[in-house]
Number of protein chains: 2
Amino acid sequence: MADEPIDATVADDRPAEQPAMSRRERARAATVDEIKNTALQLMREQGTTDFRFSDIARHMGMTAPALYRYFADRDELLTQLIVDAFADLGAAVAEERDRLPKDDPGGRFFAVAQAYRRWALGESQRFALILGMPVPGYAAPDEGSVTEAARGAMIELKSLFFDAIELGVLREPRFRDAPDPVCRFTAGRDDPMQPDDAPALSAETFQAMLHCWTALHGFTSLEAYGHLDWLPADAREGIFETNMRVVADAAGLPPPANAANSA
Amino acid sequence: MADEPIDATVADDRPAEQPAMSRRERARAATVDEIKNTALQLMREQGTTDFRFSDIARHMGMTAPALYRYFADRDELLTQLIVDAFADLGAAVAEERDRLPKDDPGGRFFAVAQAYRRWALGESQRFALILGMPVPGYAAPDEGSVTEAARGAMIELKSLFFDAIELGVLREPRFRDAPDPVCRFTAGRDDPMQPDDAPALSAETFQAMLHCWTALHGFTSLEAYGHLDWLPADAREGIFETNMRVVADAAGLPPPANAANSA
DNA sequence: GTGTTTCGTTACGTCCCATAACACTAATGA
DNA sequence: TCATTAGTGTTATGGGACGTAACGAAACAC
């Protein structure tokens with residue numbers, strides 16, 4: 001039922017990064033995209049992070065073994081989906097964030113939080129894929145690319161704090177006597193929170209930032225997985241926003257510039 | 001299917017609640033427990049929420065079809081494991097909470113938070129089972145029992161707030177102008193946060209409580225799923241505690257009575 | 001003792017993953 | 001132009017897993 005572009009979720013705007021692409025290469029890339037999109041569609045339809053190779057093939061009007069021309073096995077496709085999902089989440093967050101000026105870190109955090117939540121709710125399977133428990137039979141084979149993708153997504157939140165610091169608008173966070181996590185910003189470590197251009201960040205601010213993310217993630221993941229279904233949907237929206245406002249306040253972020261912030 | 005009590009939730013310490021239990025019934029109950037424990041063991045060993053019926057049988061020196069004498073299918077076993085996990089988490093939290101006096105809600109919340117985290121880290125698969133994304137092919141068949149179990153676990157955190165209110169030690173939370181979630185405490189609704197003896201709870205306090213849980217859950221789940229592995233383990237501990245202190249403060253809970261609270 | 005219930009087995013059907021062997025298409029090169 | 005070759009698909013096959021059916025053995029009831 002979907003032998004058309006379908007969604008093109010990931011393959012949205014990639015104009016012509018590889019102008020030298022033979023006919024075959026283009027066809028192959030298109031098939032790869034179709035496989036990924038079909039997998040995503042099936043995941044959405046069935047509401048799980050699982051998918052059957054044979055289902056994908058059936059959906060595409062192919063036989064299952066043909067898919068092995070494109071992916072060595074199920075795990076390789078899964079890895080690709082994970083990398084794409086990180087990139088997608090990061091892009092979604094960054095886009096919303098950048099709609100507000102740099103000197104409004106409060107508003108920007110709010111935008112980031114809402115984008116994070118919106119993405120998670122709209123793509124709960126992909127959200128679970130990247131930030132939930134590792135999928136059943138899967139053990140990240142290409143450790144590097146996944147880590148790199150995760151790092152890219154997390155940087156979007158981080159840069160917001162760096163901007164705020166440079167602008168001097170970051171209040172002292174409420175994190176009194178916060179213990180200094182040893183690795184806070186020891187350069188060179190390839191952890192996802194590690195920027196290459198890390199300015200000084202106090203232990204308190206580092207924790208405040210982490211607090212923002214974990215609190216944001218906690219509400220979002222519970223909601224995305226249906227564990228807050230007992231709250232009416234419209235109430236959830238308001239509760240989330242209030243939560244984020246409290247978190248931002250604790251982190252020392254100034255309130256959003258323009259009060260009208262409910263997209 | 002469920003033609004017997006089966007239950008035997010965790011079957012740890014159940015002295016003799018059913019003295020009238022024939023030899024066969026006892027043997028059956030023991031087998032059921034062994035199946036469940038084997039499933040848990042396999043989940044732990046493989047680090048996933050998935051398990052193969054045939055693996056369990058193999059592990060027990062049986063053949064797979066024999067298991068169908070005890071569980072109608074994989075889902076029924078899964079449901080049991082979920083119900084058990086809720087009960088277990090609730091019990092673990094309640095036990096730690098009750099080690100501190102009722103008039104120390106700050107300390108109690110801290111204890112609850114630590115118990116929640118400890119349980120999640122030690123039983124990450126079961127944690128994912130109950131509070132992560134629904135398992136692949138699973139759709140809660142026995143909606144009632146699962147909801148009931150979830151409700152029981154959540155009440156442990158809630159009761160702490162009610163105690164604090166009754167004692168009058170709950171400061172005004174930092175949740176200014178919090179929108180009132182319609183269902184906040186409209187009695188009768190069978191939502192998990194719904195107590196039968198619900199006293200009045202301001203919208204702000206309700207949100208504060210929810211904030212405590214979601215923030216706690218956010219950090220915990222990220223850590224349990226390995227998404228905070230880039231932080232040194234000992235640092236995580238401290239960061240968590242600081243986080244929880246900030247959250248408790250925002251919620252209006254008083255600080256813990258005795259400062260020595262790092263078990 | 002016989003008859004019944006319970007528990008386990010083997011045999012089977014179906015579905016999925018993954019590989020192997022084979023067939024068709026299209027780009028390539030003399 | 002036409003044979004070569006890589007690329008892409010197919011059917012055939014093996015190995016597992018879920019779940020059912022039919023059957024045997026042991027425990028229980030009388």
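Keep in mind that the numbers below use all heavy atoms, side chains included, and drop hydrogens, waters and symmetry copies. By convention in this document, chain letters (A, B, ...) are assigned in the order of the sequence lines, proteins followed by strands, and residues within each chain are numbered from 1. From a predicted model like this one, the values you see are computed outputs, not experimental measurements.
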query = More 5' along DNA chain D: A:Ala64 or B:Phe51, using each one's nearest nucleotide?
reply = A:Ala64
message = With a 4.0 Å limit, can you tell me whether B:Thr63 has a side-chain N or O closer than that to the phosphate oxygens OP1/OP2 of C:dT9?
response = yes
message = Check this one for me: any side-chain N or O of B:Arg52 less than 4.0 Å away from OP1 or OP2 of D:dG16?
response = no
[X] [atom1] to [N] [atom2]: how many Å, rounded?
{"X": "A:Phe71", "N": "C:dT19", "atom1": "CZ", "atom2": "C1'", "value": "19 Å"}
{"X": "A:Arg74", "N": "D:dA17", "atom1": "CZ", "atom2": "C1'", "value": "13 Å"}
{"X": "A:Tyr68", "N": "D:dT13", "atom1": "OH", "atom2": "C1'", "value": "14 Å"}
{"X": "B:Phe53", "N": "C:dT14", "atom1": "CZ", "atom2": "P", "value": "21 Å"}
{"X": "A:Asp75", "N": "C:dC17", "atom1": "CG", "atom2": "C1'", "value": "11 Å"}
{"X": "B:Ile56", "N": "D:dG19", "atom1": "CD1", "atom2": "C1'", "value": "14 Å"}
{"X": "B:Glu76", "N": "D:dT20", "atom1": "CD", "atom2": "C1'", "value": "16 Å"}
{"X": "B:Arg28", "N": "D:dA27", "atom1": "CZ", "atom2": "C1'", "value": "15 Å"}

Of the listed nucleotides [options], the one nearest the side chain of [X]:
{"X": "B:Ser54", "options": "D:dT10, C:dT9, D:dC18", "result": "D:dC18"}
{"X": "A:Met62", "options": "D:dG9, C:dT19, D:dA17", "result": "D:dG9"}
{"X": "B:Tyr70", "options": "C:dT19, D:dC18, C:dG8", "result": "C:dG8"}
{"X": "A:Asp73", "options": "C:dA18, D:dC18, C:dG8", "result": "C:dA18"}

request  = Would you sort out whether B:Gln41 and B:Glu45 count as a side-chain hydrogen bond (donor to acceptor under 3.5 Å, both in side chains), showing the intermediate values?
outcome  = CA-CA 6 Å; B:Gln41 184 189 341; B:Glu45 283 175 4; 3.0 Å; yes
inquiry  = Once hydrogens and angles are ignored, does a donor-acceptor distance under 3.5 Å link the base of D:dG9 to the side chain of A:Arg69?
reply    = yes
key: Check: A:Tyr116 ring centroid to A:Phe127 ring centroid under 6.0 Å   =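 Under 6.0 Å, so yes.
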query = Are B:Phe53 and B:Phe71 an aromatic pair by the rule of ring centers under 6.0 Å?
reply = no
key: Cation-pi, A:Phe51 ring and A:Arg74 (6.0 angstrom, 45 degrees)   = yes
Lys NZ or Arg CZ of B:Arg117 over B:Phe240 ring: under 6.0 Å, within 45° = yes
